Protein chains: 2
Amino acid sequence: MVTIADVAEEAGVSISTVSYVMSGKRTISPTTRQRVERAIATLGFSPHAGARSLASRSTNVIGLQIPLRSGVDVHVVMEVVTGVVAQARTHGYDILLLTSDDPRGMERAAKGSMVDALLVMDIESDDPRIGVLTHLEQPTVLIGLPEGRRTMPCVDFDFEEAGWLAVDRLLAQGHRRLALIGSPAEVLARHTSYADRLARGFLAACAAANVVGSVHACPSSADATAVVDEVVAADPSVTGFLVHNESALPHVFARLVETGKHSSAKPGIVALCPEDVALSVPGPVDSIAVPAEAIGSAAADVICDMIAGGTPPGVRLIAPTLTVRTSTDVVATKHPSTTRAT
Amino acid sequence: MVTIADVAEEAGVSISTVSYVMSGKRTISPTTRQRVERAIATLGFSPHAGARSLASRSTNVIGLQIPLRSGVDVHVVMEVVTGVVAQARTHGYDILLLTSDDPRGMERAAKGSMVDALLVMDIESDDPRIGVLTHLEQPTVLIGLPEGRRTMPCVDFDFEEAGWLAVDRLLAQGHRRLALIGSPAEVLARHTSYADRLARGFLAACAAANVVGSVHACPSSADATAVVDEVVAADPSVTGFLVHNESALPHVFARLVETGKHSSAKPGIVALCPEDVALSVPGPVDSIAVPAEAIGSAAADVICDMIAGGTPPGVRLIAPTLTVRTSTDVVATKHPSTTRAT
DNA sequence: TCTGACTGTTGAAACGCTTCGACGATGTAG
DNA sequence: CTACATCGTCGAAGCGTTTCAACAGTCAGA
């Protein structure tokens with residue numbers, strides 16, 4: 001293994017000079033800088049991460065808690081992770097994967113100084129992990145939005161606003177009885193933050209328009225068609241559907257087309273999902289994109305800023321955008337509210 | 001921060017004694033052991049990972065390279081990751097996420113002593129990363145199976161055998177002209193290991209049975225139906241389909257049902273995908289499970305064993321199993337070849 | 001010419017842990 | 001009773017960085 005001492009010798013300078021060349025924390029004459037840089041290159045030196053973290057008390061690693069619970073959209077999770085990793089790298093950070101939903105995994109990583117900060121996904125409205133997290137020294141950012149007192153920064157897509165936006169669209173198309181075909185029952189049962197917020201926005205918008213809206217759990221399997229049938233059977237006047245379930249979307253779409261509830265001429269669906277999922281369905285459908293990768297990179301930005309000593313930004317929500325594909329008179333409507341910070 | 005010195009003082013022993021209690025590398029009397037353990041608990045001590053890695057020259061972290069390339073089945077990737085993480089944890093290892101397909105990311109992690117070993121997913125038949133990996137000090141395990149000289153251990157599902165198995169089943173059902181509806185074109189174009197091997201097994205089995213088999217790229221979107229139509233149009237005698245494309249499966253299934261190529265009475269499909277995907281389709285379909293999580297944990301076992309000094313196991317392939325759902329006379333056929341090690 | 005400020009460089013002290021060699025104390029065999 | 005392992009514990013030397021305090025040397029201002 002080649003150490004900083006080897007580099008120093010090769011370049012004919014002291015160890016500390018090499019260190020300062022690498023960190024840029026002190027002024028170095030151009031000539032020595034070049035000598036050192038050449039030595040680093042010829043020897044192929046890369047500093048020992050452990051030694052570095054011991055001396056500098058920082059690891060350049062961020063712990064990322066990702067959900068393995070049932071019912072989550074892997075597609076979305078994966079994209080968020082992609083965004084986090086890519087953006088963190090641009091700040092010089094690597095990602096340590098934490099998957100156990102037992103918060104002791106995060107505690108272990110934090111107390112063992114394995115990470116400089118923690119990023120937690122799959123937040124529930126009243127998340128038990130938050131208590132543990134507040135006791136840690138490392139800054140923490142949540143991807144999601146718990147209810148009540150928010151003691152730590154949150155980053156997420158504005159699902160509540162998305163609910164309003166979807167209802168707006170369905171109302172504009174003349175629908176007067178709406179249904180939200182949502183996440184699987186287990187996701188709703190544990191009050192996953194995004195599902196709660198979407199339902200809240202959806203129901204509030206319905207109420208504001210004096211229209212009946214109902215929320216339905218939906219499995220990610222082909223059984224989704226059965227849910228559609230039940231919803232329609234229970235109240236045949238339902239004509240407008242907000243679908244927020246990536247895996248179920250193809251089935252729901254197919255069934256609503258079969259039953260005449262959705263067609264290009266008479267659209268009855270707004271889908272809430274990543275763009276490519278909306279496009280993969282056999283026919284046009286209006287959709288609100290879940291900008292999963294953008295959420296991830298925003299979260300990475302926030303947390304890197306906090307590590308650097310920036311002030312915690314409170315809540316950062318990414319505004320929803322509706323893309324219309326079922327009518328030619330409008331192409332895309334950007335919702336007025338832009339990204340808002342609290 | 002509480003250090004090992006604090007623990008030593010609290011317990012009234014020396015620092016080294018505390019260390020030996022934790023590592024178990026020397027005999028310690030029951031009484032001191034208890035005193036130390038109590039001290040650790042009361043102070044909530046957890047050793048500094050960086051210091052540890054500096055002194056012991058090992059990090060207890062495994063680098064995991066996961067693919068972000070287009071066309072891969074996120075579902076499968078996610079499950080593999082799950083298996084890796086969970087199993088690695090049982091061996092005391094954490095996972096550092098590496099996503100850039102640029103091998104310099106892995107080089108950086110390895111040369112900076114951030115990881116004890118590397119696990120590389122999404123292997124291509126002639127993978128350019130392998131050259132870089134062989135120069136690293138850390139052991140490396142591939143999830144996939146490159147062609148040619150195999151200089152490093154490989155773990156994967158036996159896709160080639162799966163091809164034979166699927167053909168067996170389709171032949172047994174009387175089909176005499178088969179088609180493999182496979183991965184997206186970009187996956188085939190870069191000769192992703194699993195796609196190549198599946199095609200090889202499929203074509204070899206067809207040839208052995210003196211039956212015509214053809215391989216077709218298929219996008220993950222609704223355009224999959226168009227592929228089905230093209231295949232059938234090009235040769236209407238095709239009646240047996242092996243489908244290996246998680247996202248396309250619902251569309252392919254639907255189209256084949258519509259065109260009368262598949263039904264419970266006259267099944268024409270064998271699906272190669274995770275179990276839950278096969279079950280999510282609206283109707284029974286025979287399938288060969290891709291045991292993604294098992295692949296991940298097998299890989300983790302192999303790599304942990306290598307770190308511990310075990311001899312590299314060569315190639316480890318998990319045998320395929322066919323699950324029959326379209327006929328009541330057979331329930332499940334375990335293929336004769338069991339997990340084989342080379 | 002002297003003083004003080006600034007520049008570029010250095011030596012050495014941490015950082016928190018593992019592990020080697022050593023050392024009493026105790027047990028065992030001759 | 002002596003000689004010699006064995007057991008349990010300890011002190012201290014690293015591991016490879018960062019960073020502080022210090023120090024020559026240069027330069028500008030008085």
Side-chain angles (χ1 to χ4, degrees), chain A residues 1-37 39-40 43-61 92 108-116 137 307, chain B residues 1-37 39-40 43-61 92 108-116 137 307:
Chain A
M1 171 176 205
V2 31
T3 73
I4 197 174
D6 301 330
V7 175
E9 193 179 7
E10 168 85 14
V13 298
S14 75
I15 288 179
S16 36
T17 301
V18 176
S19 178
Y20 285 125
V21 166
M22 293 179 41
S23 70
K25 292 191 179 176
R26 277 258 228 282
T27 47
I28 299 284
S29 72
T31 41
T32 24
R33 148 164 285 115
Q34 278 170 20
R35 277 222 310 284
V36 170
E37 276 164 354
I40 290 176
L43 296 180
F45 168 68
S46 44
H48 187 286
R52 201 166 227 192
S53 96
L54 180 56
S56 70
R57 331 196 109 263
S58 79
T59 60
N60 274 32
V61 173
R108 198 175 49 81
K111 297 196 37 170
S113 299
M114 308 179 71
V115 298
D116 290 343
E137 287 187 356
I307 295 172
Chain B
M1 172 175 205
V2 31
T3 74
I4 197 174
D6 301 330
V7 175
E9 193 179 7
E10 169 85 14
V13 297
S14 74
I15 287 179
S16 39
T17 301
V18 177
S19 178
Y20 286 124
V21 165
M22 293 181 35
S23 69
K25 292 192 178 176
R26 277 208 185 165
T27 49
I28 299 284
S29 73
T31 40
T32 22
R33 148 163 284 114
Q34 278 170 22
R35 278 223 310 283
V36 171
E37 276 164 356
I40 289 176
L43 296 181
F45 168 67
S46 43
H48 187 286
R52 202 167 226 191
S53 94
L54 181 56
S56 71
R57 333 196 108 262
S58 79
T59 61
N60 273 32
V61 173
R108 198 176 49 81
K111 296 195 39 168
S113 298
M114 308 180 70
V115 299
D116 291 343
E137 288 188 354
I307 296 171

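Since the model is a prediction, treat every value here as computed from it, not as a measurement. First the proteins, then the strands, lettered A, B, ... as listed; each starts at 1. All values below come from the heavy atoms of this structure, side chains included, with hydrogens, waters and symmetry mates left out.
- Nucleic acid contact class of A/Ser16 (heavy atoms, under 4.0 Å, all strands): base.
- In this structure the side chain of A/Ser16 never reaches within 4.5 angstrom of the side chain of A/Arg26, judged on heavy atoms.
- Of the side-chain N and O atoms in B/Ser19, one or more sit less than 4.0 angstrom from OP1 or OP2 of C/dT18.
- Listed pair A/Thr3 / D/dG16 fails the phosphate criterion, with no side-chain N or O lying under 4.0 Å from OP1 or OP2.
- To the nearest 0.5 Å, atom OG1 of residue B/Thr59 and atom CG of residue B/Leu54 are 12.5 Å apart.
- Rounded to the nearest 0.5 Å, atoms OG (B/Ser23) and CZ (B/Arg52) are 8.5 Å apart.
- Rounding to the nearest 0.5 Å places OG of B/Ser53 at 9.5 Å from CE of A/Met114.
- At most 12 heavy atoms of other shown residues, nucleotides or ligands fall within 6.0 angstrom of atom CD in A/Glu9.
- Put simply, NZ on A/Lys111 is 12 Å from P on C/dC17, counting in whole angstrom units.
- For the pair A/Arg35 CZ and C/dT9 P, the interatomic distance rounds to 8 Å; values are reported in whole Å.
- Distances shorter than 4.0 Å separate some side-chain N or O of A/Lys25 from OP1 or OP2 on D/dT19.
- Side chain A/Thr27 to base C/dG8: no donor-acceptor pair is found below 3.5 Å.
- Rounded to the nearest 0.5 Å, atoms CZ (B/Arg57) and CE (A/Met1) are 7.0 Å apart.
- Two residues are said to be in side-chain contact when any heavy atoms from C-beta on lie closer than 4.5 Å; B/Thr3 and B/Asp6 meet this criterion.
- Mapping B/Ile15 and B/Ala55 onto DNA chain D via the closest heavy atom, the residue that lands nearer the 5' end is B/Ile15.
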Check the pair A/Met22 / A/Ile40 against side-chain contact (heavy atoms from CB on, under 4.5 Å), numbers first and verdict last.
-> CA-CA 10 Å; A/Met22 293 179 41; A/Ile40 290 176; 3.9 Å; yes
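- Put simply, CZ on A/Arg52 is 11 Å from C1' on D/dG16, counting in whole angstrom units.
- The CG atom of A/Leu54 sits 12 Å away from the P atom of D/dT17 (whole-angstrom rounding).
- The stretch residues 4-12 of chain A has no heavy atom under 4.0 angstrom from DNA chain C at all.
- What separates CD of B/Gln34 from P of D/dG8 is a distance of 14 Å, to the nearest Å.
- Here C/dT18 is the nucleotide among D/dT9, C/dT18, C/dG16 with the atom lying nearest to any side-chain atom of B/Ser56.
- B/Phe45 approaches B/Val2 most closely through the heavy-atom pair CD1-O, 3.3 Å.
- Between B/Tyr20 atom OH and C/dT18 atom P the separation is 10 Å, expressed in whole Å.
- Listed pair B/Arg57 / C/dT19 fails the phosphate criterion, with no side-chain N or O lying under 4.0 Å from OP1 or OP2.
- Between A/Ser14 and C/dT10, a side-chain N or O to OP1/OP2 separation shorter than 4.0 Å is present.
- Five base pairs at each end of the helix from C/dT1-D/dA30 to C/dG30-D/dC1 define two local axes, and these are offset by 40° (rounded to 10°).
- In this structure, B/Met22 atom CE and C/dG16 atom C1' are separated by 11 Å, rounded to whole Å.
- Looking at heavy-atom distances under 4.0 Å, B/Ser23 makes no contact with the nucleic acid at all.
- Among the heavy atoms of the strands, none lies under 4.0 Å from B/Ser113.
- Looking at A/Ile28 and A/Thr17, their side chains come closer than 4.5 Å, going by heavy atoms from C-beta outward.
- Nucleotides of DNA chain C nearest to A/Ala51 and B/Val18 differ in position, and the one nearer the 5' end is that of A/Ala51.
- Checking the phosphate oxygens (OP1, OP2) of D/dC10, a side-chain nitrogen or oxygen of B/Thr17 falls inside 4.0 Å.
- For a distance-only test at 3.5 Å, the side chain of B/Arg26 qualifies as a donor-acceptor partner of the base of D/dT9.
- Using a 4.0 Å heavy-atom criterion, one finds that B/Ser29 contacts the sugar-phosphate atoms exclusively.
- Shown here for B/Gly92 and B/Asn60, the closest heavy-atom pair between the two residues is O-ND2, 3.2 Å.
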